[in-house]
Amino acid sequence: MFRLYQGKIFNLAMSILKNESDAEEATQDVFMTVIRKVGTFQGNSAFYSWIYRICVNTCLMRLRGKRRSETVSIEEFMPVFTDEGMHASPMDDWSKEVERDALNAELGRMIRKFTEELSEKYRVVFVLSDVEGLSNEETAKVLGLTIPAIKSRLHRARLYLREQLSRYLREGKAE
Amino acid sequence: MNCKELAYMLADYCNGSMDPRLREELDEHLSRCEPCMAFTKTFRATCEGTRKLREAIEYAIPDEVRERLDLFVRSAALKYPEKVKEYRDQVERDRREKVADLAGAAAAGQLSSATALLMESHCAACPECNGYIDAFRKTGTPRGGDPPAGIRSHLIALMQALPPGEEFFLA
């Protein structure tokens with residue numbers, strides 16, 4: 001069980017805590033909790049969703065005990081529209097550019113960096129859904145939120161990321 | 001539909017869960033709006049980039065961290081032997097139940113399409129499981145109660161071959 005989950009739990013903790021030694025300690029806490037509380041595990045719910053929930057709670061508790069790291073305001077990266085609901089600024093299509101191998105690896109690095117700058121509210125949802133690959137229903141269960149709340153946060157996180165990548169690629173081109 | 005509405009509907013559009021009528025409307029808007037086409041393509045590329053990232057980082061855990069975590073869990077498990085036993089018993093009970101349900105659903109033709117496919121290809125190569133499920137199907141009751149150890153291990157492997165979240169049975 002432990003071997004099956006340690007990589008996933010460590011990665012999830014890394015995505016939330018953004019620091020290897022914190023993630024390692026959190027992973028230890030998660031497994032300690034799992035060992036102690038396994039008797040309370042409801043066999044009818046998926047084991048991985050139970051263990052993910054313990055991991056998210058453990059990481060959030062740790063975050064709350066620390067000084068908050070700098071995060072960006074997601075509002076600054078939402079698309080801007082005119083009163084008529086049209087795009088207020090021109091759009092570059094960089095989708096073909098990132099298919100090139102060199103940029104592809106760079107894209108992965110930038111996605112990680114920009115994700116780390118998101119506030120915890122959006123980061124946790126984005127990591128569980130898009131990085132860990134959980135369905136909206138599963139993410140909602142892990143975080144104790146409604147599915148519409150998950151969908152909305154996830155969509156905003158993706159819009160933010162798209163805009164960050166656009167700005168990064170635009171600036172890169174200008175250099 | 002305008003550009004703003006389109007931007008906020010892209011998630012359903014990209015994952016294919018959008019109502020066909022709305023999809024048609026959105027496609028029609030895309031066909032005549034260059035900024036939205038660029039926006040949609042780059043939105044898709046962003047999601048695709050994250051999906052690739054997921055494949056790349058899965059299970060990426062430094063060796064020394066893995067070793068320390070192994071050691072930690074082994075010593076923690078020693079401190080709570082009764083909990084570990086409780087966990088193993090629980091897993092065993094869950095597995096027994098799941099295997100019995102799986103065999104029952106296979107006999108009743110109630111498997112989800114993915115599981116039915118796996119079961120079919122397994123049974124084609126395994127006379128033991130094929131005989132057991134076939135007899136179950138004909139008689140409506142499992143031969144000798146729970147499946148024997150050999151069949152049980154095959155059915156467990158079959159369940160583990162399905163990705164997480166995949167349903168075993170038809171709703």
Side-chain angles (χ1 to χ4, degrees), chain A residues 1-3 6-8 10-11 14 20 23-24 27-28 31-32 34-39 41 43 46-48 79 81-82 84-87 89-99 104 107-108 110-112 115 126 130-135 137-138 151 154-155 158-159 161-162 165-166, chain B residues 1-12 14 33-62 64-66 68-70 72-74 76-77 79-80 82-84 86-88 90-91 93-94 97 163-165:
Chain A
M1 182 280 290
F2 169 69
R3 277 171 207 279
Q6 66 175 358
K8 284 208 162 284
F10 179 75
N11 268 315
M14 267 296 274
E20 197 174 296
E24 185 177 342
T27 309
Q28 290 186 353
F31 284 106
M32 201 58 175
V34 169
I35 291 171
R36 280 184 11 229
K37 292 201 174 168
V38 76
F41 168 60
F47 189 73
Y48 69 90
F81 300 96
T82 63
E84 292 77 35
M86 288 165 70
H87 283 286
S89 46
M91 284 293 147
D92 277 345
D93 178 9
W94 43 262
S95 59
K96 283 276 176 286
E97 290 173 47
V98 293
E99 281 171 16
N104 212 328
L107 185 74
M110 294 326 287
I111 288 177
R112 276 200 133 167
T115 307
F126 179 78
D130 279 9
V131 183
E132 289 299 322
L134 264 61
S135 68
E137 289 75 11
E138 289 163 335
K151 283 176 103 170
L154 183 58
H155 193 54
R158 288 169 176 168
L159 290 174
L161 207 52
R162 193 211 71 85
L165 291 173
S166 295
Chain B
M1 183 178 300
N2 62 29
C3 307
K4 188 175 181 177
E5 288 164 340
L6 182 142
Y8 284 92
M9 287 183 189
L10 271 187
D12 288 345
C14 291
C33 180
E34 217 171 292
C36 278
M37 186 54 102
F39 191 86
T40 305
K41 281 185 177 170
T42 50
F43 182 82
R44 269 190 200 279
T46 305
C47 297
E48 181 63 9
T50 315
R51 195 187 60 73
K52 283 185 186 153
L53 181 69
R54 172 164 85 214
E55 285 164 8
I57 66 167
E58 212 163 11
Y59 308 120
I61 171 166
E64 68 277 13
V65 174
R66 189 184 293 276
R68 280 200 298 270
L69 284 172
D70 262 345
F72 172 81
V73 168
R74 272 202 298 272
K79 270 194 243 164
Y80 295 92
E82 75 289 356
K83 295 283 181 190
V84 174
E86 212 174 298
Y87 166 73
R88 288 191 175 140
Q90 168 94 38
V91 168
R93 270 198 307 278
D94 281 1
E97 259 174 46

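Proteins come first, then strands; the chains are lettered A, B, ... in the order of their sequence lines, and each starts at number 1.
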(message) With a 4.5 Å cut-off on side-chain heavy atoms, are Asn2(B) and Met86(A) touching?
(response) no
(request) Would you indicate whether the side-chain heavy atoms of Gln6(A) and Val65(B) approach each other to under 4.5 Å? (result) no
(request) Sort Glu20(A) into side chain, backbone, both or neither according to what part of it lies under 4.5 angstrom from a heavy atom of chain B. (result) side chain
(request) Could you pull out the closest heavy-atom pair between Phe10(A) and Pro62(B), with the gap in Å? (result) CE2-CD, 3.6 Å
(request) Can you see which heavy atom on Gly49(B) is nearest to which on Ile111(A), and at what distance? (result) C-CD1, 3.5 Å
(message) Could you report the tightest heavy-atom contact between Pro79(A) and Tyr8(B), atom names first, then the distance?
(response) CD-OH, 4.1 Å
(request) Give me the ring orientation class for Phe39(B) and His87(A): parallel if the planes are under 30° apart, tilted from 30 to 60°, perpendicular past 60°. (result) tilted
(message) Side chains of Thr50(B) and Arg158(A), heavy atoms from C-beta outward: is any pair under 4.5 Å?
(response) no
(message) Counting only non-hydrogen atoms closer than 4.5 Å, does Asp12(B) touch chain A with its backbone (N, CA, C, O), its side chain (CB onward), both, or neither?
(response) side chain
(message) Could you check whether any side-chain N or O of His155(A) sits under 3.5 Å from a backbone N or O of Ala7(B), counting only pairs where one atom can act as donor and the other as acceptor?
(response) yes
(request) Let me know if Phe72(B) has heavy atoms under 4.5 Å from chain A in its side chain, its backbone, both or neither. (result) side chain
(message) For Glu34(B), is the CD atom crowded, meaning more than 12 foreign heavy atoms sit under 6.0 Å from it?
(response) no
(message) Consider side chain to side chain donor-acceptor pair (under 3.5 Å). Of Glu97(A), Arg162(A), Lys96(A), which one does Thr42(B) pass it with?
(response) Arg162(A)
(request) Name the member of Met91(A), Gln28(A), Met14(A) that forms the most heavy-atom pairs with chain B at distances under 4.5 Å. (result) Gln28(A)
(message) Quick check on Leu165(A) against chain B: is it the side chain, the backbone, both or neither that has a heavy atom closer than 4.5 Å?
(response) side chain
(request) Report the option among Arg68(B), Arg44(B), Glu48(B) that has the most heavy-atom pairs separated by less than 4.5 Å from atoms of chain A. (result) Arg68(B)
(request) Measure the spacing between CZ of Phe31(A) and CG of Asp70(B) and express it to the nearest 0.5 Å. (result) 10.0 Å
(request) Heavy-atom distances under 4.5 Å only: say whether Leu10(B) touches chain A with side chain, backbone, both or neither. (result) both
(request) Go through the atoms of Leu159(A) and report whether side chain, backbone, both or neither lie under 4.5 Å from a heavy atom of chain B. (result) both
